[in-house]
Number of protein chains: 2
Amino acid sequence: MQQITATELQTKAQRTKIRQNKKVLDLHAVKVACKECSLHQLCLPRSINGADLEKLDNIIERKRPLKRNEHLFQVGESFQSIYVVRSGSLKTYSPTVDGQEQVTGFHLPGELLGLDAIGKGKHPCAAKALETTSICEVPFENLESLSQELPTLQHQLLRLMSKEIFDDQELMLLLGKKTAEARLSAFLLSISLRFKQRGFSSIEFYLSMSRNDIANYLGLAVETVSRMFTRFQEDGLIEVERKHIVIKNREVMRQIAGMNECCEDDTQVN
Amino acid sequence: MQQITATELQTKAQRTKIRQNKKVLDLHAVKVACKECSLHQLCLPRSINGADLEKLDNIIERKRPLKRNEHLFQVGESFQSIYVVRSGSLKTYSPTVDGQEQVTGFHLPGELLGLDAIGKGKHPCAAKALETTSICEVPFENLESLSQELPTLQHQLLRLMSKEIFDDQELMLLLGKKTAEARLSAFLLSISLRFKQRGFSSIEFYLSMSRNDIANYLGLAVETVSRMFTRFQEDGLIEVERKHIVIKNREVMRQIAGMNECCEDDTQVN
DNA sequence: CGCTGCTTTGAACAACTTCAACTTCTGTGG
DNA sequence: CCACAGAAGTTGAAGTTGTTCAAAGCAGCG
């Protein structure tokens, strides 16, 4: 099964030096056409046929991989492109008045960045790599005019934006109504699900973000997040050692998270 | 200035019996083509020219006004159309596991509903009228194919969805990081701004939603919201008498809300 | 080896919630 | 048109949950 090797690869990349990490990425991240991209079912061109896929492929630019802490774009930068994560991960965050930052999301392979910038023409948040990360850049003008030609692409684009709105609303519910333990539980299950959808293990994975980022994202203090991790471990729900997580009891976690049933049949989401 | 009459009209409609309310609505809400619609600069067809506007007009269905507490759509209902509020207001909400409801948004004239349903093909939330409300229905299939023809319409649609994502992220920040007083203050300023953009008074208005709905939306207890209203009044920030609000000191409220400067130049937002 | 940054843990504190009582408003039927 | 019942809103007091502050433990890196 691909799941297992994929996981191993990921855990390896996390543990090993950047040198080796880079080598792994170079192998399948750069100069691969969309139709050969292992993510092509998850990213934009889902349900696009051969000829159309090539058209899309032509407008996509592949960038050199970002190193950890490098920015993909900064706050206020003029909006030119949509980005797709090819491998690695990023966080998006915006500055708040009091000089803090607010983490608005984490982005795993196959996920999009920049959709929130279309409206104003500039990025309301910054995007920073959490680890070595490779990215596809899709110039928005080209994407827009290509969508004009290809109804399925337009449809897919609207679907993806709609999904983002939907997901944001779930998060609003989380932030508005749920307890600290429900938030962390939901967060872990969400990451788990997203890994699964991308062919990685859903029961064992490495978190690329710090406790601080998690806390910030979930609207909690770092200390609270830390305590929750400890408690979950004590209760046998997870095993945790720094960034390494093993989900031991998904059922109970789901109850704690107060999950809607609807959040489950998300399998063919993207 | 139109502002003043608009306000008067609104306050009147709130105070008077439903009978009279209906009459006011009948006058300019029903059977008006998009190009004559007073909201047409705010709703979808912004920056669409005459001929195109007519095409759009042809696919829009006007529904009979909804009465207070009537549903526009229910949770899980199959997604067919995008809706535009023509007059009145609605709330959207979704059920949570514990049988509660979570208010996900309020929708004023010129604003859209249903964008979150495109992805899954069914409505993740329900929409209920807060007062007598009239609506334009835009069948999504038609809108999609018309967008295929009209690049500006496609662009506008993407812009609007992007704006919704952006707004949701602001709300996430509010729910995750802000105190009760900051939340209520931001809420009132948001309503105020949206009224202003639609030609109503931004300093005096009626809230069509209950304290309960506000509390739910802001992730607070009703009692907390009530106390904050009282405190704001004591501090001379607002005058409040049940649903009637007068903003007395916008500057201080903005500070309390911890507003980003960016939230200000929102004037040509839609 | 020793620094720096991230994480964990404990204890005091603050903010908001919950519970309960009371007031005001709304609308419905006599 | 008034009375009454139920809903919505307000206020006070006690209780929780999560935050803040402080300090110690640990991993990675020059």
Side-chain angles (χ1 to χ4, degrees), chain A residues 14-21 67-69 91 98 100-101 103 130-131 174-185 187 206-234 238-245 256 258, chain B residues 14-19 21 67-69 91 98 100-101 103 130-132 174-185 187 206-234 238-245 256 258:
Chain A
Q14 286 271 357
R15 262 182 299 216
T16 51
K17 300 277 175 281
I18 295 169
R19 234 170 321 129
Q20 185 173 352
N21 209 341
K67 288 201 284 279
R68 187 169 134 83
N69 288 331
K91 69 171 174 182
D98 45 347
Q100 307 269 32
E101 61 182 47
V103 175
L130 293 168
E131 58 193 313
L174 199 74
L175 294 172
K177 300 260 183 305
K178 304 284 182 79
T179 62
E181 60 175 1
R183 293 185 204 193
L184 186 60
S185 187
F187 170 75
Y206 277 79
L207 296 172
S208 56
M209 66 294 285
S210 68
R211 296 283 191 273
N212 220 310
D213 287 338
I214 297 173
N216 191 315
Y217 177 68
L218 295 177
L220 297 169
V222 203
E223 295 92 329
T224 307
V225 169
S226 183
R227 278 183 253 269
M228 289 301 145
F229 268 118
T230 321
R231 191 192 312 167
F232 283 178
Q233 171 140 274
E234 284 167 3
I238 60 173
E239 264 173 29
V240 48
E241 197 210 337
R242 291 187 70 75
K243 312 235 168 202
H244 180 234
I245 306 286
I256 290 175
Chain B
Q14 285 273 358
R15 261 182 301 220
T16 51
K17 300 276 176 280
I18 294 170
R19 234 170 322 127
N21 207 342
K67 288 201 284 278
R68 186 168 135 85
N69 289 331
K91 69 171 174 181
D98 45 346
Q100 306 270 31
E101 63 181 49
V103 175
L130 294 168
E131 57 194 314
T132 307
L174 199 75
L175 293 173
K177 300 257 182 305
K178 303 289 183 75
T179 62
E181 61 175 0
R183 294 185 202 192
L184 185 60
S185 188
F187 171 75
Y206 277 78
L207 297 172
S208 56
M209 67 292 287
S210 68
R211 295 284 191 272
N212 222 311
D213 287 338
I214 296 173
N216 190 315
Y217 177 67
L218 295 176
L220 298 169
V222 203
E223 293 94 328
T224 308
V225 170
S226 182
R227 279 184 254 269
M228 290 301 145
F229 269 118
T230 320
R231 187 183 325 160
F232 284 176
Q233 171 141 274
E234 283 166 5
I238 60 174
E239 264 174 28
V240 47
E241 199 210 335
R242 289 192 71 74
K243 313 235 168 202
H244 180 235
I245 306 286
I256 290 176

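Letters go in sequence order (proteins before strands), and every chain restarts at 1.
Look at NZ on A/Lys177: it is 18 Å from P on D/dT17, rounded to the nearest Å. Rounded to an integer number of Å, the gap from B/Phe229 CZ to D/dT10 C1' is 12 Å. One atom, CD of B/Glu241, and another, P of D/dA8, lie 19 Å apart when rounded to the nearest Å. For the pair A/Gln233 CD and C/dT9 C1', the interatomic distance rounds to 15 Å; values are reported in whole Å. The CZ-P distance, from A/Arg242 to D/dG28, rounds to 6 Å in whole Å. Between the CG atom of A/Asn69 and the P atom of C/dT4 there is a distance of 18 Å, rounded to whole Å. The distance from atom CG of B/Asn216 to atom P of C/dT17 is 12 Å, rounded to the nearest whole Å. Distance B/Lys243 NZ to D/dA8 P: 9 Å, rounded to the nearest Å.
Between B/Val103 and B/Asn212, the closest side-chain pair of non-hydrogen atoms is not below 4.5 Å.
The two atoms that bring B/Ser208 and B/Leu130 nearest to each other are OG-CD1, 3.6 Å, heavy atoms only. Shortest non-hydrogen contact noted between B/Ile256 and B/Ser185 is CG2-CB, 4.0 Å. The two residues A/Leu207 and A/Phe229 make their nearest non-hydrogen contact at CD1-CZ, 4.1 Å.
For A/Lys178, the side chain to side chain contact (heavy atoms under 4.5 Å, CB included) partners are A/Leu173, A/Leu174, A/Ala182, A/Arg183, not counting sequence neighbours. Scored by the salt bridge (Lys or Arg N to Asp or Glu O under 4.0 Å) test, A/Arg231 finds A/Glu181 as partners (sequence neighbours excluded).
The line from CE of A/Met209 to CZ of A/Phe187 is 4.0 Å long, rounded to the nearest 0.5 Å. Summarising the geometry, atom CG belonging to A/Leu220 is positioned 11.5 Å from atom CZ belonging to A/Arg227; distances are rounded to the nearest 0.5 Å.
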Carefully, step by step, assess A/Val240 and A/Phe232 under the rule side chain to side chain contact (heavy atoms under 4.5 Å, CB included).
-> CA-CA 9 Å; A/Val240 48; A/Phe232 283 178; over 6 Å; no
So A/Leu184 and A/Ile214, side chain to side chain contact (heavy atoms under 4.5 Å, CB included) or not? Walk me through it.
-> CA-CA 8 Å; A/Leu184 186 60; A/Ile214 297 173; 4.1 Å; yes
Nucleotides 21-23 of chain C: which of its N/O atoms have a protein N/O under 3.5 Å away?
none

Between the protein and nucleotides 18-21 of chain D, which nitrogen or oxygen pairs are less than 3.5 angstrom apart?
{"residue": "D/dG18", "atom": "OP1", "partner": "A/Ala180", "partner atom": "N", "Å": "2.6"}
{"residue": "D/dT19", "atom": "OP1", "partner": "A/Ala221", "partner atom": "N", "Å": "3.2"}
{"residue": "D/dT19", "atom": "OP2", "partner": "A/Ala221", "partner atom": "N", "Å": "3.2"}
{"residue": "D/dT19", "atom": "OP2", "partner": "A/Thr224", "partner atom": "OG1", "Å": "2.2"}
{"residue": "D/dT20", "atom": "O4", "partner": "A/Arg227", "partner atom": "NH2", "Å": "3.0"}
{"residue": "D/dC21", "atom": "N4", "partner": "A/Glu223", "partner atom": "OE2", "Å": "3.0"}

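Look at A/Thr230 and you'll find a side-chain N or O under 4.0 angstrom from OP1 or OP2 of C/dT9.
Residues in residues 210-224 of chain A take part in these salt bridge (Lys or Arg N to Asp or Glu O under 4.0 Å) pairs, two or more places apart or across chains: A/Lys91-A/Asp213.
Rotation axes derived from the C1' atoms of the five outermost pairs at either end of the helix from C/dC1-D/dG30 to C/dG30-D/dC1 lie 40° apart, to the nearest 10°.
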